[in-house]
Protein chains: 2
Amino acid sequence: MTTTRPSPPDAATLDYETLLREAGVRITRPRRTILAILRDHPDHPDALEIFRRASAVDPSISLSTVYRTMRLLEEKGAIHRHAFGNGPSRFEQADGAHHDHLIDLDTGDVIEFSSERIEALQDEVARSLGYEIVFHRLELYGRRRRRD
Amino acid sequence: MTTTRPSPPDAATLDYETLLREAGVRITRPRRTILAILRDHPDHPDALEIFRRASAVDPSISLSTVYRTMRLLEEKGAIHRHAFGNGPSRFEQADGAHHDHLIDLDTGDVIEFSSERIEALQDEVARSLGYEIVFHRLELYGRRRRRD
DNA sequence: GTGGATGCAAACCGTTTGCAGAGGT
DNA sequence: ACCTCTGCAAACGGTTTGCATCCAC
């Protein structure tokens, strides 16, 4: 079980701009701005929050461009989209290994973790039902245990 | 690992009408209709689908009443609300034991399962992070394995 | 220069809400 | 009779889209 990101976001090693350009995606100013935000903040912002952060850098950016860009990046596999609770979609850069999320019900904090054993059991369950897992969603919602 | 509902919905043994009335909830015609639909269909309909089914029985029912009733029933613990993928909320009667869901990506079918071992590991993970799980969401998305 | 990307505003979808009237207890 | 619940229509929040313009290639 691990709780830290496998590798801290490293601007030098993870060059989505180049990757995307090679995939035929035009690197425009809004896209560059959004990519930088996702690279530099390892949290899980929603579209509006990304818009706010982007506006601070480039006030001419529009919310629809944020949404369009998030969809593009998701299609290209550069980000993951989550829907915690019933709230808006929240995003994170897709670099690093797969992980699941524990959401702090009191603070809203999102803690990443991964468990090979749980993954293995999920596969086992699916297989026994005649299925092959394409992706899954595992979210734990809880509160800090009071130290007594 | 179990894949069937612990006990098939049994109108006689599971009397939510009485339960709700005792909780001070008025049993009106729309509510009775909706409760019957949830009792008789063991699938996971969304509000619009419940509205359609209810309209067939009582054409005067309104969609807002369906939404209001679903919220009420959720608060009273009579139903569970799910949000598969990014679609609308889908509901199921809360009777029977806890289970998770496997969603067939090709057909949209929802298969219920439960795994004590996965639950135990989830608790273990949460505990090791200093948390206590209040509830969780586990969904497997997959396709039928081709028999070769 | 050209086709894709943008900003804006309007549309969209699932859901909630204000209100006056209906109906359960 | 009381007070809750209902239907209706309007509002809502998050997201998508049509269009004319702009800009990366």
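Chain identifiers are assigned alphabetically (A, B, ...) following the order of the sequence lines, protein sequences preceding nucleic acid strands; residue numbering begins at 1 within each chain. Any value given below was found using the heavy atoms of this structure, including those in side chains, with hydrogens, waters and symmetry copies removed.
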Asker: Return whichever of Leu48(B) or Gly24(A) has its heavy-atom-nearest nucleotide of DNA chain C closer to the 5' end.
Answerer: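 Upstream on the strand: Gly24(A).
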
Asker: In plain terms, say whether Arg137(B) and Glu139(A) are close enough for a salt bridge, that is, a side-chain N and a carboxylate O under 4.0 Å apart.
Answerer: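 Salt bridge: yes.
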
Asker: Between dG7(C), dT16(D), dC25(D), which nucleotide gets closest to the side-chain atoms of Ile61(A)?
Answerer: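 Output: dG7(C).
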
Asker: Among dT15(D), dT6(D), dG7(C), which nucleotide has an atom closest to any side-chain atom of Thr65(B)?
Answerer: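 Selected nucleotide (nearest to the side chain): dT6(D).
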
Asker: Rounded to the nearest Å, what distance is computed from the CG atom of residue Leu63(A) to the P atom of nucleotide dT15(D)?
Answerer: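 My rounded result for the distance is 9 Å.
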
Asker: Establish, with yes or no, whether the OP1 or OP2 oxygen of dT15(C) is under 4.0 angstrom from a side-chain nitrogen or oxygen of Tyr67(B).
Answerer: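 Tyr67(B) to dT15(C) OP1/OP2: side-chain N or O found under 4.0 Å.
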
Asker: Can you tell me if the side-chain N/O atoms of Arg31(B) get under 4.0 Å from OP1 or OP2 in dT6(D)?
Answerer: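 Answer is yes, contact under 4.0 Å.
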
Asker: Could you tell me the separation between the CD atom of Glu75(B) and the C1' atom of dT16(C), rounded to a whole number of Å?
Answerer: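 Value for this atom pair: 13 Å.
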
Asker: Check the distance between dG14(D)'s C1' and Phe84(A)'s CZ and give it to me in whole angstrom.
Answerer: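 In whole Å, dG14(D) C1' lies 17 Å from Phe84(A) CZ.
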
Asker: Nearest to the Thr28(A) side chain among dA5(C), dT6(D), dG7(C), which nucleotide is it?
Answerer: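 Per side-chain heavy atoms of Thr28(A), the pick is dA5(C).
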
Asker: Regarding His98(A) and Glu119(A), do their side chains bring together a donor and an acceptor under 3.5 Å, going by distance alone?
Answerer: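 Glu119(A) and His98(A) do have a side-chain donor-acceptor pair below 3.5 Å.
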
Asker: What's the CD-P distance between Glu74(B) and dT15(C), to the nearest Å?
Answerer: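 The answer, rounded to whole Å, is 11 Å.
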
Asker: Establish whether the base of dC23(D) is bridged to the side chain of Arg29(A) by a donor-acceptor pair shorter than 3.5 Å.
Answerer: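 Under the 3.5 Å cut-off, the side chain and the base do not form any donor-acceptor pair.
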
Asker: Under 4.0 Å between a side-chain N or O of Arg71(B) and OP1 or OP2 of dT15(C)?
Answerer: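 No, because none of the side-chain N or O atoms of Arg71(B) sits under 4.0 Å from OP1 or OP2 of dT15(C).
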
Asker: Is there a side-chain contact between Val125(B) and Arg117(A) in this structure, where contact means two heavy atoms from C-beta onward sitting under 4.5 Å apart?
Answerer: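 In short, these two side chains do not touch, never coming nearer than 4.5 Å.
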
Asker: Take atom CZ in Arg52(B); do more than 12 heavy atoms of anything else shown fall under 6.0 Å from it?
Answerer: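 Atom CZ in Arg52(B) is crowded, with more than 12 foreign heavy atoms closer than 6.0 Å.
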
Asker: What is the separation between atom CD on Glu49(A) and atom P on dG13(D), rounded to the nearest whole Å?
Answerer: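 Taking atom P of dG13(D) as the reference, CD of Glu49(A) is at 18 Å.
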
Asker: Is there a donor and acceptor pair, one atom on the side chain of Arg68(A) and one on the base of dG7(C), closer than 3.5 Å?
Answerer: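 Flag set: donor-acceptor pair detected.
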
Asker: Quick one: Asp58(B) CG to dA22(C) C1', roughly how many Å, whole number?
Answerer: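 After rounding, the gap between these two atoms is 13 Å.
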
Asker: With heavy atoms under 4.0 Å as the rule, sort Arg32(A) into base, sugar-phosphate or nothing.
Answerer: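 Result for Arg32(A) = nothing.
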
Asker: Looking only at side-chain atoms of Ser89(A), point me to the closest of dT15(D), dG7(C), dT15(C).
Answerer: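 Of the candidates, dT15(D) comes closest.
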
Asker: Rounding to a whole Å, what distance do you find between Asp46(B):CG and dC13(C):P?
Answerer: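 One finds 14 Å between P of dC13(C) and CG of Asp46(B), rounded.
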
Asker: Check the pair Arg31(A), Leu20(A) against side chain to side chain contact (heavy atoms under 4.5 Å, CB included), reporting the backbone distance first and the verdict last.
Answerer: CA-CA 10 Å; Arg31(A) 286 176 182 172; Leu20(A) 288 167; over 6 Å; no

Asker: For the pair made of CG in Leu20(B) and P in dT25(C), what is the distance, rounded to whole Å?
Answerer: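 From Leu20(B) CG to dT25(C) P: 11 Å.
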
Asker: From C-beta outward on Arg26(A), which listed nucleotide comes closest to its side chain: dG7(C), dT6(D), dG4(C)?
Answerer: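 Per side-chain heavy atoms of Arg26(A), the pick is dG4(C).
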
Asker: Is any side-chain heavy atom of Arg53(A) closer than 4.5 Å to one of Pro45(A)?
Answerer: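 Side-chain contact under 4.5 Å: yes.
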
Asker: Between Gly87(B) and Val25(B), name the one whose nearest nucleotide on DNA chain C is closer to the 5' end.
Answerer: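 Its nearest nucleotide being more 5', the pick is Gly87(B).
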
Asker: Counting heavy atoms from C-beta on, name the nucleotide in dG14(C), dC25(D), dT15(D) closest to the side chain of Pro88(B).
Answerer: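 The listed nucleotide nearest to Pro88(B)'s side chain is dG14(C).
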
